[in-house]
**Student:** 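Shown below is the structure under consideration.
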Amino acid sequence: MRAPYIDNKDAKLCTGCSACAYACPTGAIAMGEDACGFTYPMVDEKKCIGCGKCYQACHMAEPNDLKHNGEPKAYGAYATNKDQLMRSASGGVATAIALHVVANGGVAYGCVAHREDVRHERLVSPEDVDSSRGSKYVQSDISRAISQITTDLESGAHVAFVGTPCQCAALRRLFGKRENLLLVDLICEGVPSRRMYADFLNDLERECGERVNDFRFRDKRKGWGTKNPTVVVQGGVSAKRQRYSFDYPYYWLFQKGLILRDSCYACPYACRERVGDVTVGDYWGVESMGLGYKLEELHNGISCVLVCTSRGQSVLERLGESLKMCESSFSSIAAGNTCVNRPSRCDQKKRAEIIGEYAEKHGAGLAVSYKRNFGLEQRIWESIVACMPHSIRVIAKQTKRLLKKQSGGR
Ligand SMILES: Cc1cc2nc3c(=O)[nH]c(=O)nc-3n(C[C@H](O)[C@H](O)[C@H](O)COP(=O)(O)OP(=O)(O)OC[C@H]3O[C@@H](n4cnc5c(N)ncnc54)[C@H](O)[C@@H]3O)c2cc1C
Ligand code: SF4
Ligand code: SF4
């Protein structure tokens with residue numbers, strides 16, 4: 001028996017984790033790209049000996065076996081070091097955990113972007129961990145990290161891995177429930193391909209007329225949850241490019257869930273039964289949950305945290321003063337965060353058109369789809385919301401929820 005995708009080529013059955021290629025004893029499997037740059041295993045039939053190792057390695061063979069059942073403990077949390085908090089995507093919890101593991105002699109793995117080369121790296125110092133801070137909304141390559149983690153686990157090192165739920169599932173399937181492996185999964189909407197991201201950066205570069213080194217999807221200068229990404233050029237942050245997230249075709253199409261990998265629309269991990277020991281995401285809607293956060297705290301960012309195992313709980317307890325935590329519930333977190341409960345959805349007909357256009361015309365295809373789908377009315381509305389100061393937006397959201405509650409949720 002071979003990995004489900006390898007035998008029936010149903011794209012929804014493959015998350016591109018590369019565990020099958022790693023497990024193949026004859027090197028018969030290599031990861032290749034489809035027309036949109038999404039990676040899939042390709043088998044050299046001449047080398048395949050039918051041993052079934054790829055099936056054993058594939059987390060999509062039995063995804064439910066990898067999840068933790070029962071109601072997870074839930075928290076709102078943020079890092080108390082303000083400088084660190086402001087450079088993180090939400091409350092800085094993912095990085096705080098990685099820093100703690102490294103400070104205690106362990107090894108962390110996190111996603112680092114070298115322009116379009118977005119991959120998981122081995123992090124052994126606070127500086128290394130710092131380079132993994134921030135959300136990169138693109139699929140990260142974990143192929144090299146898998147081999148490195150194998151060596152680390154075999155040497156007895158304590159390993160913490162932060163990544164998407166499917167990446168964590170791949171590691172859980174490969175390594176089992178090891179005492180020295182801590183998995184931190186993110187709440188995940190889904191991922192576009194690295195090729196799409198590269199095309200987007202190249203187009204941006206042509207537009208800017210200078211080398212673009214990085215695109216920071218989340219920037220909290222104007223507050224958590226504001227739509228202000230940053231373009232990083234040779235000399236630092238580009239002053240010319242101070243636009244909103246919806247001004248960038250790639251970012252807008254990602255946020256609308258229109259350019260995600262096929263598997264993301266049927267993700268078996270977008271549910272309450274988490275695959276990680278700890279799950280971290282943005283605590284959207286926290287201002288209405290009666291947790292008593294002040295405006296300044298809401299401005300700086302709050303993570304939602306779900307804890308599924310005693311190992312996860314004990315790591316959070318050991319973080320002590322470096323995190324400010326507040327008990328909450330799964331239902332409160334799910335109220336503002338659909339992807340913790342179900343996979344992303346989109347108009348699949350529209351998506352097929354966009355994906356087709358991209359396969360044919362690359363970056364130009366994304367730009368055309370963006371213009372066609374992002375109407376003037378929507379643009380005006382998004383611009384108004386984006387211009388609002390953070391405090392006004394918080395009050396507007398609270399009022400909206402209150403009105404909804406009073407009208408019985410209609
Ligand atoms: C593709 C993607 C989709 C997401 N969708 C949602 C969502 O729908 N709802 C929600 O609440 N949260 C979502 N998140 C999580 C959210 O953006 C934050 O990453 C999370 O809240 C952690 O914030 P932090 O401040 O604790 O992390 P930080 O301290 O900023 O650290 C970020 C951590 O994320 C990891 N990371 C960054 N990019 C990637 C990547 N491409 N692949 C794997 N790991 C990565 C890094 O290794 C690092 O450990 C998503 C994240 C990603 C990467
Ligand atoms: S999900 Fe991972 S292990 Fe399974 S076929 Fe795809 S790349 Fe291979
Ligand atoms: S939505 Fe699911 S399949 Fe897609 S990247 Fe996230 S965890 Fe993986």
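Both ligands and their constituent atoms are indexed starting at 1 by order of listing. Keep in mind it's a predicted model, so treat the numbers as computed, not measured.
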**Student:** What residue and atom, counting heavy atoms only, is the protein's closest point to atom 8 (Fe) of ligand 2, and at what distance?
**Tutor:**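 Ranked first by proximity to atom 8 (Fe) of ligand 2 is C20 SG, 2.3 Å.
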**Student:** Please report which non-hydrogen protein atom sits nearest to atom 2 (Fe) of ligand 2, along with the residue it belongs to and the distance in Å to one decimal place.
**Tutor:**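 The closest one turns out to be C17 SG, 2.4 Å.
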**Student:** Can you tell me which portion of A61 lies within the under-4.0 Å heavy-atom range of ligand 2? Options are side chain, backbone, both, or neither.
**Tutor:**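 Neither; nothing of A61 gets under 4.0 Å from ligand 2.
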**Student:** Is it true that the NZ or CZ of K9 lies under 6.0 Å from the centre of Y5's six-membered ring and within 45 degrees of the ring axis?
**Tutor:**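 Yes, K9 lies over the aromatic ring of Y5.
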**Student:** With sequence neighbours excluded, what pairs up with K67 under the salt bridge (charged side-chain N to carboxylate O under 4.0 Å, His left out) test?
**Tutor:**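 Here no residue qualifies.
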**Student:** Are the aromatic ring centres of F246 and Y244 under 6.0 angstrom apart?
**Tutor:**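 Centroid distance F246-Y244: below 6.0 Å, so yes.
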**Student:** Does H59 come within less than 4.0 angstrom of ligand 2, counting non-hydrogen atoms of the residue?
**Tutor:**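 Yes, that is the case, since the closest heavy atom of the residue is under 4.0 Å from the ligand.
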**Student:** Please confirm whether G16 comes under 4.0 Å of ligand 2, counting heavy atoms of the residue only.
**Tutor:**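 Checking ligand 2 against G16, which is what was asked, there is a heavy-atom contact under 4.0 Å.
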**Student:** Is the distance between the ring centroids of F217 and Y251 less than 6.0 Å?
**Tutor:**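 Under 6.0 Å, so yes.
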**Student:** Quick one: do K349 and D347 make a salt bridge, cutoff under 4.0 Å?
**Tutor:**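 No, no charged N to carboxylate O under 4.0 Å.
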**Student:** Quick one, T279 and V305 - any side-chain contact, counting heavy atoms below 4.5 Å?
**Tutor:**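 The answer is no, as the side chains (C-beta and beyond) never meet within the 4.5 Å cut-off.
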**Student:** Quick one: look up the protein heavy atom nearest atom 6 (Fe) of ligand 2 and list residue, atom name and how far away it is.
**Tutor:**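 For this ligand atom, the closest protein heavy atom is C14 SG, 2.4 Å.
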**Student:** Can you tell me if H158 has over 12 outside heavy atoms packed within less than 6.0 Å of its NE2?
**Tutor:**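 Atom NE2 in H158 is not packed in, count stays at 12 or less.
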**Student:** Can K136 and D214 be counted as an ion pair, charged N to O under 4.0 angstrom?
**Tutor:**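 Judged by the 4.0 Å cut-off on N to carboxylate O distance, K136 and D214 do not form a salt bridge.
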**Student:** By residue and atom, what protein N/O/S atoms are less than 2.8 Å from atom 2 (Fe) of ligand 3?
**Tutor:**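 Protein N/O/S atoms under 2.8 Å of atom 2 (Fe) of ligand 3: C267 SG.
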**Student:** Taking the six-membered ring for Trp, are Y370 and F374 parallel (under 30°), tilted (30 to 60°) or perpendicular (over 60°)?
**Tutor:**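 Judged by the thresholds at 30° and 60°, the geometry between Y370 and F374 is tilted.
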**Student:** Could you label the plane-to-plane angle of the H120 and F161 rings as parallel, tilted or perpendicular, counting under 30° as parallel and over 60° as perpendicular?
**Tutor:**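 It falls in the parallel class, under 30°.
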**Student:** Does the structure place the NZ or CZ of R195 under 6.0 Å from the centre of the six-membered ring of F200, at an angle of no more than 45° from the ring's axis?
**Tutor:**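 Because its charged atom misses either the 6.0 Å distance or the 45° angle limit, R195 does not stack over F200.
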**Student:** Any idea which residues sit under 4.0 Å from ligand 1, heavy-atom distances?
**Tutor:**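 Within 4.0 Å of ligand 1, protein side: S88, A89, S90, G91, G92, V93, A94, T95, G110, C111, H120, S132, R133, G134, S135, K136, Y137, V138, S140, V162, G163, T164, Q167, L186, I187, C188, E189, G190, V191, R218, V280, G281, D282, S303, N337, C339.
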**Student:** Return the closest protein heavy atom for atom 4 (Fe) of ligand 2 as residue, atom name and distance.
**Tutor:**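 Looking only at protein heavy atoms, the one closest to atom 4 (Fe) of ligand 2 is C58 SG, 2.4 Å.
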**Student:** Check this for me: E296, atom CD, are more than 12 non-hydrogen atoms of other residues, nucleotides or ligands nearer than 6.0 Å?
**Tutor:**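 Not more than 12 within 6.0 Å, no.
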**Student:** Please enumerate all residues that pass side chain to side chain contact (heavy atoms under 4.5 Å, CB included) together with A35, with sequence neighbours excluded.
**Tutor:**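 A35 satisfies side chain to side chain contact (heavy atoms under 4.5 Å, CB included) with A359 only.
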